[in-house]
Each structure stands twice: as structure tokens, then as C-alpha cells.
Enquirer: 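Submitted below is the structure of interest, expressed as C-alpha cells.
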Amino acid sequence: QVQLVEFGGGLVQAGASLRLSCTASGGTFSNLQMGWFRQTPGKEREFVAAISWDGTTSRGGVQGRFTISKGAARSTIYLQMNELTPQDTATYYCAATSKPTVILTATNVDYWGQGTQVTVSS
């Protein structure tokens, strides 16, 4: 059973930066593909970015300001968020898939983290 745990959310002012982290545990990670989503109450969950085990990346609607990366421990991923705006306020979720695919997408998620809240004040 794969479990995903996120850290790094908080309350910041517009223009600040945050780095979110997600660590997977409880399973075999060699073929696990991971990424990030975000969701605001009343809106659909939005794909943010994904990174495959070999380092291949894909991005959703947020370009340039957000960067996904892998840690020294390959079961950990990060989301570096720069130049935050109030529109970035959301619960950010780590996600993963163990399906035989090249990278995580919005349609192949198997596992979700509990979410970490990011609030950006104006």
C-alpha cells in the first residue's frame, strides 16, 4: 500500500516562494510516477506538474513560476513555487500512479496524499 505525505504549505504574502515536498512510502518505488495537483473549494482539481522516475517532466497550466524536481531520495519530489499570487491559494495534493506509463497524468492517478494548504495573501 503506497502512502504519500506532503509538507511545506503555509500562509505567505504575494510574491513569496514556497517549496512543497512529497515522500512516498509503503511500496515499491522503482516504477512509481509522481506529481502535483491543486484544488480550491468549488473548483475541479487541477493538474500542476509531474515527474517520472527517470526525470522526465510535464507541466499543466502554471508555467515558469513552478518547478517540479526529485530529491536525492528518489521517492521524494518537490514543487518549488515562486512569485506566488492569491490565485495560487489552494490545497496542493501529491499524487502517484503505479500503472505502466511514462508519466503521471490527470487520468491515471492511483494514490493521493492528504494535501497541504497554501494560502497567499494580497
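Numbers here simply count residues along the sequence, with the first being 1.
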Enquirer: Quick check for you: to the nearest 0.5 Å, what is the distance between R38 atom CZ and E46 atom CD?
Expert: 4.5 Å
Enquirer: Short question: side chain of T40, backbone of T89 - any donor-acceptor pair under 3.5 Å?
Expert: yes
Enquirer: Identify the residue among Q39, R45, Q117 that makes a side chain to side chain donor-acceptor pair (under 3.5 Å) with T91.
Expert: Q117
Enquirer: If we only count heavy atoms from C-beta on, is the C94 to W112 side-chain gap below 4.5 Å?
Expert: no
Enquirer: Looking at every non-hydrogen atom in both residues, tell me the closest pair between P86 and S121 and how far apart they are.
Expert: CG-C, 4.3 Å
Enquirer: Above 12 or not: heavy atoms from other molecules or residues under 6.0 Å from CD of E83?
Expert: no
Enquirer: Drop me the distance from S58's OG to I68's CD1, to the nearest 0.5 angstrom.
Expert: 7.5 Å
Enquirer: Decide if the gap between the ring center of F37 and the ring center of F47 is smaller than 6.0 angstrom.
Expert: yes
Enquirer: Side-chain contact, heavy-atom cut-off 4.5 Å: S17 with M81?
Expert: no
Enquirer: What distance do T116 atom OG1 and Y92 atom OH have between them, rounded to the nearest 0.5 Å?
Expert: 10.5 Å
Enquirer: Does the E6 side chain pair with the main chain of Q114, one donor and one acceptor, at a distance under 3.5 Å?
Expert: yes
Enquirer: Are V48 and Y93 packed together at the side-chain level, in the sense that at least one heavy-atom pair is separated by less than 4.5 angstrom?
Expert: no
Enquirer: As an exercise, state the distance from OH of Y78 to CG of L20, rounded to the nearest 0.5 Å.
Expert: 11.5 Å
Enquirer: Please determine which of V118, V120, D88, N82 meets the side-chain contact (heavy atoms from CB on, under 4.5 Å) test together with L18.
Expert: V118
Enquirer: Can you spot which of V2, L4, T97, L104 makes a side-chain contact (heavy atoms from CB on, under 4.5 Å) with M34?
Expert: L4
Enquirer: If you compare all heavy atoms of A95 against all heavy atoms of V109, which two are closest, and at what distance to 0.1 Å?
Expert: CB-CG1, 3.9 Å
Enquirer: Okay, side chain of N108, backbone of I103: is any donor-acceptor separation there less than 3.5 Å?
Expert: yes
Enquirer: Rounded to the nearest 0.5 Å, how far does CZ of R59 lie from CD1 of I51?
Expert: 12.0 Å
Enquirer: When rounded to the nearest 0.5 angstrom, what is the spacing between NZ in K70 and CH2 in W53?
Expert: 5.5 Å
Enquirer: Would you please test V12 and L84 for side chain to side chain contact (heavy atoms under 4.5 Å, CB included) and show each step?
Expert: CA-CA 8 Å; V12 299; L84 287 163; 3.9 Å; yes
Enquirer: So which heavy atom on S98 is nearest to which on Y111, and how close?
Expert: OG-OH, 3.7 Å
